[in-house]
Each structure stands twice: as structure tokens, then as C-alpha cells.
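Take a look at the structure below.
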2 protein chains.
Amino acid sequence: MTKIRKAILKILSEDCCLISPAVMLQKLKSAGLNPDRSTIFRELSLLTQKTITNKIVIGDINYYELAEDHHHHLVCMGCDNIAKISLSAHLQQQEEQIKINNNFTVVNHALEFYGYCASCQDTNGDI
Amino acid sequence: MTKIRKAILKILSEDCCLISPAVMLQKLKSAGLNPDRSTIFRELSLLTQKTITNKIVIGDINYYELAEDHHHHLVCMGCDNIAKISLSAHLQQQEEQIKINNNFTVVNHALEFYGYCASCQDTNGDI
DNA sequence: TTTTATGCAAACAATTTGCAGGTCA
DNA sequence: TGACCTGCAAATTGTTTGCATAAAA
């Protein structure tokens, strides 16, 4: 448990939602650390390998989030903002069906909704 | 409507599921064309921009698929195979709820389930 | 002390861009 | 013709790797 790893885990738990390697680097710098980029890539992929974090790709950017805090995302195509929502209960049903119908054991899922948030709906007229 | 664009659309409709830029290049070569990589990137992002295709990222690989043939994916973490399934009816309900609860207008979504297919379950014991 | 993590520099791969020439309507 | 498409080469970005040093167990 090194300084950098501890700081990364702290940032992940505070920021609670998605964070990219680049932003992680910024935040570590703000916290007084100055790690190499490669260290961050190595650390985040290690954490993902250990299923402590999940990796999610949205619009060409790789994001990481704590696996324990599972949820889904509303991605605004107007302002690129990403909000959280949670539909896990419904998907759990689906996953049971998938086990039965497809003989496929689901261990994880990713669900993103793309569209327009309240303010971008206004900007673009009534979509 | 150029030769290359026509060929790309043909390949997309035949292969029906996900296709990466690299594989698209291979298939175009098999079809007797020899386009530059940049042409493929340009073409696929143009098609995506026109919402003719959707871009999906699974395991660090960018895939494209025809938007009209919408479905979801079962991604096997053992053998990396990707299968299609469809749960659209169920998600439509969710999208209406999102409109009401979050004032967010959904125009598209991506849903991938990660887990183990029938044969990989056997290989890994009873997961 | 033995393993594991880190920084640095170099290597890599996928994608993007500028530009000049070619193609399509 | 005028707009768009294409190939080529170069640039850019995000990520990975090898190796020597430093820190952790």
C-alpha cells in the first residue's frame, strides 16, 4: 500500500463517479504528488484486474470507477455531461433470464443512455 | 456514394454485428479494394455522425454496427466472444421513466453484459 | 532481503489532420 | 464546375514496455 495507491483510492472514493487517467493525474498533482503517467495506467489497470475498479469507455475516453458503487449513466450528447442513475434491480431480473435463456453467467454489466439533458433539450428546441 | 462507401455499407449489413476498423479494412481488401486506413476512420465516423452506425467500445476495441439493427451484447470474459441479445422492450419502459424522473431525453443506449458463456463456465468450474 | 512499485525514456498503436490530386453529381 | 472523397505522409494521443532505482513487506 504505497502513497500513490492510497491517494488513487481516496480520489476514486471521493469523486464517486467516473474518472479518466488524465484527470486522475491532475488530482494527484493537486494532492501534492507528481507520479508518472505510466504509474497511473499501471495502477488503474491493476485495480481493474483485481475488480476493485471498473473501466468504462464513453466517447473515446477511458473512465474508471469503484466497482462497489455500481450504477448507470446518462450521457448528454449536447454538453457531454455524465450523470448517474441506478436501475440495478430491473437488470438483475434480466440477468437471471439471460442465465436461463442463453446459458450465460453474467458477472457485470455496463449501461449507458445517450441523449439530451434538461438544458440541452431547451437549447436544441424540443427534441 | 462512392465505391468504398458502398462496400462499407454492404459489409456492415452482411456482418450484421460488430466490426472494427481493422477488420473492415481486411474485408475491403478481400473485396478487391485497397483503401487507406484514414479513409476508413473518416468513413466510419461520418456514418456514426449521421447516426447510420453506432460506435461501441468493448475491451479496448472500437466497433461499429448499423444503428437500425439495435440490440445488446453478451461479452464472454473467457473467450472474448460477443453474442447478441435483445431487451429493447424492457429498456423502453426505463427510458420513459428517465424522461419523467430525470428530465433527460434518451435517444440511444448501450448495454453490455460481461460474464462467461456456456463453454467457459465449464472450463472455469462452476462460477 | 525479496518482492513490488516507481520514474524515466523509448516504443507502439490507433486515430487525426493537412494537403494535393481524383472522383462524383 | 464545385463539392466531396481519397491517398499519402506527418502529427497527435493514449497507452505500454524495459530497465534501473527506490520503497514496501
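Computed from a predicted structure; not experimentally measured. Both backbone and side-chain heavy atoms feed into the values below; hydrogens, waters and symmetry mates do not. In the text below, chain A, chain B and the rest are named by the order of the sequence lines, each starting its count at 1.
Only one option out of A:R37, A:K50, A:R5 pairs with A:E43 in a salt bridge (Lys or Arg N to Asp or Glu O under 4.0 Å); it is A:R5.
Distance B:Y63 OH to C:dA14 P: 12 Å, rounded to the nearest Å. We find that NZ of B:K6 is positioned 13 Å from C1' of C:dT23, with the value rounded to whole Å. Note: CG (B:L46) to P (C:dT17) measures 14 Å, nearest angstrom. Rounded to whole Å, the distance from CE on B:M1 to P on D:dC4 is 15 Å. Rounded to whole Å, atom P of D:dG7 lies 9 Å from atom CZ of B:R42. We find that NZ of A:K50 is positioned 12 Å from C1' of C:dA5, with the value rounded to whole Å. Spacing between atom CZ of A:R37 and atom P of D:dT12 amounts to 14 Å, rounded to whole angstrom units. Rounded to an integer number of Å, the gap from B:K3 NZ to D:dG7 C1' is 13 Å.
Minimum atom distance to the side chain of B:S38 is reached by D:dA9, of the listed C:dT15, D:dT15, D:dA9. The side chain of A:D60 has C:dT16 as its nearest neighbour among D:dT6, C:dT6, C:dT16. In the set C:dA5, C:dT15, D:dC5, C:dT15 carries the atom at the smallest distance from any side-chain atom of B:P21. Here the side chain of A:F41 is nearest to one of C:dA9, D:dT6, D:dT15, namely D:dT15.
Taking only side-chain nitrogens and oxygens, B:N62 comes nearer than 4.0 Å to OP1 or OP2 of C:dT15. Here B:R5 reaches the OP1 or OP2 of D:dC5: one of its side-chain N or O atoms lies under 4.0 Å away.
In this structure, B:D69 and B:K84 have side chains that are in contact, with non-hydrogen atoms separated by less than 4.5 Å.
A:E14 and A:K10 are joined by a salt bridge, as a carboxylate oxygen and a charged side-chain nitrogen come within less than 4.0 angstrom of each other.
To the nearest 0.5 Å, the span separating CD1 on B:I11 from CG on B:L25 amounts to 9.5 Å.
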### Query
Can B:Y114 and A:H109 be said to form a side chain to side chain contact (heavy atoms under 4.5 Å, CB included), step by step?
CA-CA 6 Å; B:Y114 294 85; A:H109 64 244; 5.5 Å; no
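Nearer to the 5' terminus of DNA chain C, by closest-nucleotide assignment, is the contact made by A:I4 (compared with the other of A:I4 and B:A22).
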